[in-house]
Trainee: 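Got a structure here, written out as structure tokens. Questions coming.
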Amino acid sequence: MSLTILLLGLGVGVLVGLLGIGGGVVLVPAMVYFLRMDQHLAQGTSLFILLPPIGLGALREYWKEGQVDLRAGIFCALGMLFGALAGSLIALPIPSRELKGLFGCFLVFAALLLWGKAGREGQEFVDKGERADG
């Protein structure tokens with residue numbers, strides 16, 4: 001079980017550094033299905049897991065490359081601090097089954113937004129290519 005958890009962390013860490021996604025998008029479903037955790041326990045554990053590695057790991061590399069907007073980061077972090085507190089107060093009384101559904105709906109919504117944006121950008125690329133050829 002410890003090796004499974006370690007490998008899960010390694011895989012999620014790669015995705016966080018590679019895609020810039022919140023590790024919880026991968027961690028929470030993985031902990032619910034692979035480790036058989038309750039939704040609340042998975043979300044709380046994800047929050048604990050993500051604090052040190054994201055703050056120290058990937059950020060260090062982006063900082064070295066000058067790819068961090070410090071002002072935006074500070075303001076957004078302050079908003080997230082209070083927003084996360086509010087969100088946790090809302091989530092804890094919700095039954096796990098409903099919370100899983102809410103989490104799944106969020107992931108589907110995010111996927112649809114990204115898919116739609118990728119399609120529009122792809123069409124813009126094709127349109128620009130046609131104008132250059134014409």
Side-chain angles (χ1 to χ4, degrees):
M1 179 83 143
S2 294
L3 180 59
T4 302
I5 295 170
L6 181 63
L7 291 173
L8 178 64
L10 180 64
V12 170
V14 168
L15 290 173
V16 166
L18 178 66
L19 302 176
I21 60 170
V25 170
V26 179
L27 271 175
V28 171
M31 288 189 286
V32 166
Y33 293 101
F34 296 133
L35 304 180
R36 308 253 186 255
M37 285 186 179
D38 174 75
Q39 183 74 19
H40 289 99
L41 183 61
Q43 288 181 194
T45 304
S46 172
L47 292 170
F48 173 75
I49 291 167
L50 295 172
L51 276 173
I54 290 178
L56 302 174
L59 174 62
R60 179 178 172 263
E61 296 305 313
Y62 280 90
W63 185 272
K64 285 185 345 188
E65 294 294 322
Q67 297 298 322
V68 176
D69 183 329
L70 190 59
R71 183 175 182 273
I74 289 170
F75 280 110
C76 192
L78 284 171
M80 284 183 65
L81 177 68
F82 294 108
L85 174 61
S88 68
L89 293 172
I90 294 167
L92 285 170
I94 297 174
S96 284
R97 180 177 176 178
E98 292 174 25
L99 197 56
K100 281 181 195 172
L102 185 61
F103 190 86
C105 286
F106 168 76
L107 293 178
V108 169
F109 178 68
L112 290 172
L113 288 176
L114 288 171
W115 189 31
K117 184 167 177 55
R120 286 189 305 276
E121 288 175 353
Q123 186 59 45
E124 289 171 10
F125 179 75
V126 169
D127 292 344
K128 285 180 184 176
E130 289 173 359
R131 279 183 264 156
D133 291 342

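Since the structure is predicted, the reported quantities are computational estimates derived from the model, not experimental observations.
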Trainee: Hey, any chance Leu50 and Val32 share a hydrophobic cluster, counting ILVMFWY side chains that come within less than 4.5 Å of each other, even indirectly?
Mentor: no
Trainee: OG of Ser96 to CE of Met37: how many Å apart, nearest 0.5 Å?
Mentor: 12.5 Å
Trainee: Of the non-hydrogen atoms in Phe103 and Val28, which two are nearest, and what is the gap between them?
Mentor: CZ-CB, 3.7 Å
Trainee: How long is the straight-line distance from CD1 of Ile94 back to NZ of Lys100, given to the nearest 0.5 Å?
Mentor: 14.0 Å
Trainee: Is there a path of hydrophobic side-chain contacts, each under 4.5 Å between heavy atoms, that joins Trp115 and Val108?
Mentor: yes
Trainee: Could you give me the CA-CA distance, side-chain angles and deciding distance for Leu6 and Leu10, then say whether side chain to side chain contact (heavy atoms under 4.5 Å, CB included) is met?
Mentor: CA-CA 6 Å; Leu6 181 63; Leu10 180 64; 5.8 Å; no
Trainee: For the side chain of Thr45 and the backbone of Ala42, is there at least one donor-acceptor N/O pair under 3.5 Å apart?
Mentor: no
Trainee: Assigning hydrophobic clusters by single linkage (Ile, Leu, Val, Met, Phe, Trp, Tyr; side-chain heavy-atom cutoff under 4.5 Å), is Val25 placed with Met31?
Mentor: no
Trainee: Are Trp63 and Ile74 connected into the same hydrophobic cluster when the rule is that any two of I, L, V, M, F, W, Y join if their side-chain heavy atoms are below 4.5 Å apart?
Mentor: yes
Trainee: Could you give the distance from CZ (Phe34) to OG1 (Thr4), rounded to the nearest 0.5 Å?
Mentor: 10.0 Å
Trainee: Please determine whether side chain to side chain contact (heavy atoms under 4.5 Å, CB included) holds for the pair Leu102 and Gln39, giving the CA-CA distance in whole Å, both sets of side-chain angles, and the decisive distance to 0.1 Å.
Mentor: CA-CA 11 Å; Leu102 185 61; Gln39 183 74 19; over 6 Å; no
Trainee: Going from CG on Leu35 to CG on Leu27, what distance comes out if it is rounded to the nearest 0.5 angstrom?
Mentor: 9.5 Å
Trainee: Should Leu41 and Val12 be counted in the same cluster of Ile, Leu, Val, Met, Phe, Trp and Tyr side chains packed under 4.5 Å apart?
Mentor: yes
Trainee: Could you report the tightest heavy-atom contact between His40 and Leu92, atom names first, then the distance?
Mentor: NE2-O, 3.4 Å
Trainee: Which heavy atom of Gly24 sits nearest a heavy atom of Ser46, and at what distance?
Mentor: CA-OG, 3.4 Å
Trainee: For atom CD of Glu65, decide whether the heavy atoms of other residues, nucleotides or ligands shown that lie under 6.0 angstrom number more than 12.
Mentor: no
